[in-house]
Amino acid sequence: MNVDYVALMNVAARIARNAGDLVFVGRRNGAGNVQTKSSATDMVTQWDAASEQLILQQLGQLRPDDSIIGEEGTHIKGTSPFTWLVDPIDGTTNFLYNLSGYAVSIAACLGTDPVAAAVFLPATRELFVAAKGHGAWLGSTPLHVSNCESIENALIATGFSYISTRRETQGQRIARLLPQVRDIRRCGAAAADLCFVACGRIDAYFEEGLQPWDLAAGQLIASEAGSIVSNFSGGPIVPSEVLVTTPRIHSSLVSSL
C-alpha cells in the first residue's frame, strides 16, 4: 500500500493541537458539567465531548473515508483501511483538578497497528508525533529513549484502575517493585507517560486495563523512539497489559512484573 504515513501524522498533529487549544481555553472557566462512567472516580466533562466532536468534524473533512473510534462513543465505519483512535482528553482527572498532565491523543491505525500519531499536552504546549518507519519527534526535535541500563537506576511510571479491587492488586505489585527501582511516578495520563519514555524523562512505564485509544498514539511514539513495547510477559503489547521500556531494562522488568 502506497501511503504517506508522515502526511497522516501531520493530520493527527494539526487536529490534536486544535482540540487541545479548545479544552485548554475551556478549562479557564472551570471543568463545566461533570458526569461519571465506569465508577464514581471515572469522570467525563463537557470538554471531553466537545474535544471529540471537534476531532470528529475535522477528521471527517480531511479523511472522509476512514473509520473513527473515540473514547466518548464515536464509532464511524469508513470504507478505507484506516481507523483513527481518539482520546479527546486523556487524563480527565488531571483536567478536572486543573493539573497539567492531560493530553489529546490521536492515532491512525491499519488494523491494530498504529502508523501515525500525535499526542498534544495543552498545558505545556508540547506536541509529540510519530510516523511508522520515520521516527518520533517533540516539535522538531527527534526523540530517543534514555540510556538507562539497570532497573536499580530506573525511574518508572505507572497508572491505576478506577476499580477499587484492581487498585488493591496494583498496590501490592507496586510494593514489591518499589525497592527494586530508583522511584515510581504516577502522572495520570497514559498517552503522556508513553511520550515521556520516548523522550527520556522516564525510563519505563507499565499499566494494565487500558483501552486502545489510550495506547495507540503513545505506543507508536515510544516504539519509534527506540522503546521495547510488550505485555508483562514480554509478548505482544495489548491494552490490557502495557510495558514500555528502554531496551536494556526490559527483561529485568518483565521478570519483576
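The figures that follow rest on heavy atoms only: side chains count, while hydrogens, waters and symmetry mates do not.
Remark: T74 OG1 to I55 CD1 distance equals 9.0 Å, nearest 0.5 Å. Atom OG of S252 is separated from atom CD1 of I151 by 5.0 Å, given to the nearest 0.5 angstrom. Within the model, atoms CD1 of I156 and CD1 of I184 stand 7.0 Å from one another, a figure rounded to the nearest 0.5 Å. For the atom pair CD1 (I202) and CZ (R182), the distance works out to 13.0 Å, reported to the nearest 0.5 Å. Going from atom CZ of R176 over to atom CG of L178 covers 12.5 Å, rounded to the nearest 0.5 Å. Annotation: the span from Y205 atom OH to C195 atom SG amounts to 11.0 Å, rounded to 0.5 Å.
Contact annotation: the side chain of V104 never approaches that of L22 to less than 4.5 Å [non-hydrogen atoms, C-beta and beyond]. When side chains are defined from C-beta on, L253 counts as touching L177, because their heavy atoms get closer than 4.5 Å. For the pair W84 and L59, the minimum side-chain heavy-atom distance is below 4.5 Å. The closest side-chain heavy-atom distance from I76 to S67 is not below 4.5 Å.
No donor-acceptor distance shorter than 3.5 angstrom exists from the side chain of S146 to the backbone of G200, with no hydrogens or angles considered. Listed for the E52 side chain is a donor-acceptor partner under 3.5 Å among the backbone atoms of E72. Of the possible donor and acceptor atoms, one in the side chain of Q170 sits under 3.5 Å from a partner among the backbone N and O of S161.
In terms of hydrophobic clustering, with Ile, Leu, Val, Met, Phe, Trp and Tyr side chains grouped at heavy-atom distances under 4.5 Å, L194 and L155 are assigned to a common cluster. Criterion: ILVMFWY side-chain heavy atoms under 4.5 Å apart, direct or through other members. Under it, L54 and F24 are part of a common hydrophobic cluster. Residues F196 and F120 do not share a hydrophobic cluster, defined by chaining ILVMFWY side chains whose heavy atoms lie under 4.5 Å apart. Hydrophobic clustering places I106 together with L8 (ILVMFWY residues linked when any side-chain heavy atoms are closer than 4.5 Å, directly or through intermediates). Under a hydrophobic-cluster definition in which Ile, Leu, Val, Met, Phe, Trp and Tyr are linked whenever side-chain heavy atoms come within less than 4.5 Å, directly or via other members, I15 and I68 are assigned to the same cluster.
Here the shortest heavy-atom pairing between A16 and A118 reads CB-CB, 4.1 Å. Nearest heavy atom pair, residue C148 against residue I249, reads O-CG2, 3.9 Å. Nearest heavy-atom pair across G218 and V119 is N-CG2, 4.2 Å. The two residues A103 and L121 make their nearest non-hydrogen contact at CB-CD1, 4.0 Å. The two atoms that bring R63 and F82 nearest to each other are NH2-CD1, 3.7 Å, heavy atoms only. What you find for V145 and P247 is that their closest heavy atoms are CG2-CD, 3.9 Å.
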Walk me through it: do I89 and W47 pass the test side chain to side chain contact (heavy atoms under 4.5 Å, CB included)? CA-CA 8 Å; I89 302 180; W47 296 108; 4.0 Å; yes
Derivation of the side chain to side chain contact (heavy atoms under 4.5 Å, CB included) call for V115 and C109: CA-CA 5 Å; V115 297; C109 301; 6.0 Å; no
Evaluate the side chain to side chain contact (heavy atoms under 4.5 Å, CB included) criterion for residues F128 and C199: first the C-alpha distance (whole Å), next the side-chain angles of each, then the deciding distance (0.1 Å), finally the verdict. CA-CA 9 Å; F128 295 85; C199 69; 4.1 Å; yes
Given V86 and I69, is the side chain to side chain contact (heavy atoms under 4.5 Å, CB included) satisfied, shown in steps? CA-CA 6 Å; V86 172; I69 298 174; over 6 Å; no
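Among residue pairs with one or both ends in residues 79-91, none qualify as salt bridge (Lys or Arg N to Asp or Glu O under 4.0 Å); sequence neighbours excluded. Residue pairs meeting the side chain to side chain donor-acceptor pair (under 3.5 Å) criterion with at least one member in residues 8-22, sequence neighbours excluded: N18-Q58, D21-R125. Pairs passing the salt bridge (Lys or Arg N to Asp or Glu O under 4.0 Å) check and including a residue from residues 243-257, sequence neighbours excluded, read E149-R248. Within the structure, salt bridge (Lys or Arg N to Asp or Glu O under 4.0 Å) contacts touching residues 196-214 (residues at least two apart or in different chains) are E126-R201, R173-E208. Residue pairs that meet the side chain to side chain donor-acceptor pair (under 3.5 Å) test with at least one member in residues 221-230, sequence neighbours left out, are S230-H250. For residues 128-145, the set of pairs meeting the side chain to side chain donor-acceptor pair (under 3.5 Å) definition, not counting sequence neighbours, comprises D113-K132.
For N231, the side-chain hydrogen bond (donor to acceptor under 3.5 Å, both in side chains) criterion is met by no residue, not counting sequence neighbours. Shown here are the side-chain hydrogen bond (donor to acceptor under 3.5 Å, both in side chains) partners of D183, two or more places apart in sequence or in another chain: R185. In this view, T158 satisfies the side-chain hydrogen bond (donor to acceptor under 3.5 Å, both in side chains) rule with no residue, not counting sequence neighbours. Every residue meeting the side-chain hydrogen bond (donor to acceptor under 3.5 Å, both in side chains) condition with S256, not counting sequence neighbours, appears here in chain and number order: Q180. Under the side-chain contact (heavy atoms from CB on, under 4.5 Å) criterion, N94 pairs with L99, Y102, not counting sequence neighbours.
Counting heavy atoms of neighbouring residues, nucleotides and ligands inside a 6.0 Å radius, atom CD of E168 does not exceed 12 of them. Within 6.0 Å of atom CG in D65, more than 12 heavy atoms from other residues, nucleotides or ligands are found, so the atom counts as buried in its surroundings.
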Which side-chain N or O atoms in residues 236-245 pair as donor and acceptor under 3.5 Å with protein atoms at least two apart or in another chain?
| from | atom 1 | to | atom 2 | distance (Å) |
| --- | --- | --- | --- | --- |
| E241 | OE1 | F232 | N | 3.1 |

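By the 6.0 Å and 45° rule, R166 does not stack over the aromatic ring of F160.
D48 and T92 form a side-chain donor-acceptor contact under 3.5 Å, judged by distance and modelled atom types alone.
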